*Asks:* 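I'd like to ask some things about the structure below.
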Amino acid sequence: MKIYKKRNPNRRKVGVLFFLQIVFGMLPAVLLLFFVFNIAPNSDTNQVGAYISAAAIVLCAFAYMILGRKYNILLSGLKGEKSMLKTVKHFKHEYDIFVNVPIRYKRNRSELDLLMVGERGIIIVEVKNHSGVINGSDSDDTWCQFKHYRDGKNTETEIKNPVKQVSRQRDILKNILRSEGIDVWIDGVVYFSNPFTKLKLQLNNPNSNVCLGEKELRQYIGDYRGPKKLKKTEIERIREILVSLM
């Protein structure tokens, strides 16, 4: 078995955001020095320059804050991917493992964080690195993320229901394989990589699978048995189709 990995475009985005944070972090100091050394004291231009410098510093601080937020979100996702790969590599002798697989059928498209194909069956793994308390059910369109900070601040954020996201990915992949004459069962699991996250979920559908932390994910994969074993010829054909998508 083999690991097929497509480069995650977020890695490049993280590098760009990090560079931009440095630029917008240093720019206010540069503007201030330029103002001090290039504007004559007590001149009319001095007051105008002071207003411009103050406005530029505020805008830079605002941009730095937005960039930092996006940077932390993307970096968190990359950490979740790293945790996921660390876990599934224990099964690389039993499964072909595909990372960051773009899938598209007609107008429906998505990207699979990870897909495992072996004799036991096919598993989609959707990784989330959210923290705090996650509340919701598999029938909800959105879940709630509650976070409490040390300074006493509390936040509540809506996130898309990842169970429904996996269900949609499963349907797209099924249609792709069926269009190639392959009709097989596909399962999916949502993996919350942050072990300190608290999940308060109501999962009524037996196909709604959620794991918290590396230990639970490893146990899920280790215990997994699809309804029917895949033949070697099926695995080889599915492998060819997935490689063509990457």
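For this chain, numbers begin at 1 and follow the sequence in order. A quick note: this is a predicted structure, and the numbers were derived from the prediction, not measured.
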*Asks:* In Å, rounded to the nearest 0.5 Å, how long is the span from CG of Asn135 to CD1 of Ile159?
*Replies:*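 With rounding to 0.5 Å, CG (Asn135) is 10.0 Å from CD1 (Ile159).
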
*Asks:* Going by the rule side-chain hydrogen bond (donor to acceptor under 3.5 Å, both in side chains), which residues pair with Arg104 if we only count those two or more places apart in sequence or in a different chain?
*Replies:* none

*Asks:* To the nearest 0.5 Å, what is the distance between CD1 (Ile124) and CG (Leu115)?
*Replies:*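 CG of Leu115 is found 6.0 Å from CD1 of Ile124.
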
*Asks:* Could you go step by step and tell me if Val163 and Asn207 meet the side chain to side chain contact (heavy atoms under 4.5 Å, CB included) rule?
*Replies:* CA-CA 9 Å; Val163 169; Asn207 293 323; over 6 Å; no

*Asks:* Report the residues that fulfil side chain to side chain contact (heavy atoms under 4.5 Å, CB included) with Lys106, sequence neighbours left out, ordered by chain and then residue number.
*Replies:*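 Residues passing side chain to side chain contact (heavy atoms under 4.5 Å, CB included) with Lys106: none at all.
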
*Asks:* With sequence neighbours left out, which residue pairs that include part of residues 222-233 fulfil the side-chain hydrogen bond (donor to acceptor under 3.5 Å, both in side chains) condition?
*Replies:* Asp187-Tyr224

*Asks:* So, applying side-chain contact (heavy atoms from CB on, under 4.5 Å) with Val125, which one of Leu114, Asp113, Val166 is it?
*Replies:* Leu114

*Asks:* Among residues at least two apart in sequence or on other chains, which ones pass salt bridge (Lys or Arg N to Asp or Glu O under 4.0 Å) with Glu180?
*Replies:* Arg237

*Asks:* Please enumerate all residues that pass ring pair (Phe, Tyr, Trp, His ring centres under 6.0 Å) together with Phe192, with sequence neighbours excluded.
*Replies:*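 Scan of Phe192 (ring pair (Phe, Tyr, Trp, His ring centres under 6.0 Å), adjacent residues dropped) gives none.
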
*Asks:* Return the set of residues passing salt bridge (Lys or Arg N to Asp or Glu O under 4.0 Å) with Asp183 (not counting sequence neighbours), or none when no residue passes.
*Replies:*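 Only Arg178 meet the salt bridge (Lys or Arg N to Asp or Glu O under 4.0 Å) criterion with Asp183.
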
*Asks:* Of all residues at least two apart in sequence or in a different chain, which pass the salt bridge (Lys or Arg N to Asp or Glu O under 4.0 Å) check with Arg170?
*Replies:* none

*Asks:* Among residues at least two apart in sequence or on other chains, which ones pass side-chain hydrogen bond (donor to acceptor under 3.5 Å, both in side chains) with Asn194?
*Replies:*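 With neighbours one apart ignored, the set is empty.
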
*Asks:* Mind checking the OG1-NE2 spacing from Thr197 to His130? Nearest 0.5 Å is all I need.
*Replies:*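 Taking OG1 in Thr197 and NE2 in His130, the distance rounds to 9.0 Å.
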
*Asks:* According to side chain to side chain contact (heavy atoms under 4.5 Å, CB included), who are the partners of Glu236, at least two apart in sequence or on a separate chain?
*Replies:*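 In terms of side chain to side chain contact (heavy atoms under 4.5 Å, CB included), with neighbours along the sequence ignored, Glu236 is linked to Arg239.
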
*Asks:* Only counting residues at least two apart or in another chain, list the ones meeting side-chain hydrogen bond (donor to acceptor under 3.5 Å, both in side chains) with Ser208.
*Replies:*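 So Ser208 forms a side-chain hydrogen bond (donor to acceptor under 3.5 Å, both in side chains) with Asp138.
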
*Asks:* Do Val133 and Leu201 belong together in a cluster built from hydrophobic side chains that touch within less than 4.5 Å?
*Replies:* no

*Asks:* Under 3.5 Å, sequence neighbours excluded: what are the donor-acceptor pairs made by side chains of residues 140-148?
*Replies:*
from   : atom 1 : to     : atom 2 : distance (Å)
Asp140 : OD1    : Ser137 : OG     : 3.3
Asp140 : OD2    : Ser137 : N      : 2.9
Asp140 : OD2    : Ser137 : OG     : 3.1
Asp141 : OD1    : Lys164 : NZ     : 2.7
Trp143 : NE1    : Ser137 : O      : 2.8
Gln145 : NE2    : Ser131 : O      : 2.9
Lys147 : NZ     : Ser131 : OG     : 3.4
His148 : ND1    : Asn154 : OD1    : 2.5

*Asks:* Go through the structure and list residues passing side-chain hydrogen bond (donor to acceptor under 3.5 Å, both in side chains) with Gln165, not counting sequence neighbours.
*Replies:* Glu126, Lys128

*Asks:* For the atom pair CG (Asp96) and CG (Leu242), what is the distance rounded to the nearest 0.5 Å?
*Replies:*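 Here the rounded value is 8.5 Å.
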
*Asks:* Under a 3.5 Å distance rule, please check whether Glu234 uses its side chain to pair with a backbone N or O of Leu230 as donor and acceptor.
*Replies:*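 Side chain of Glu234 to backbone of Leu230, a donor-acceptor pair under 3.5 Å: no, none is there.
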
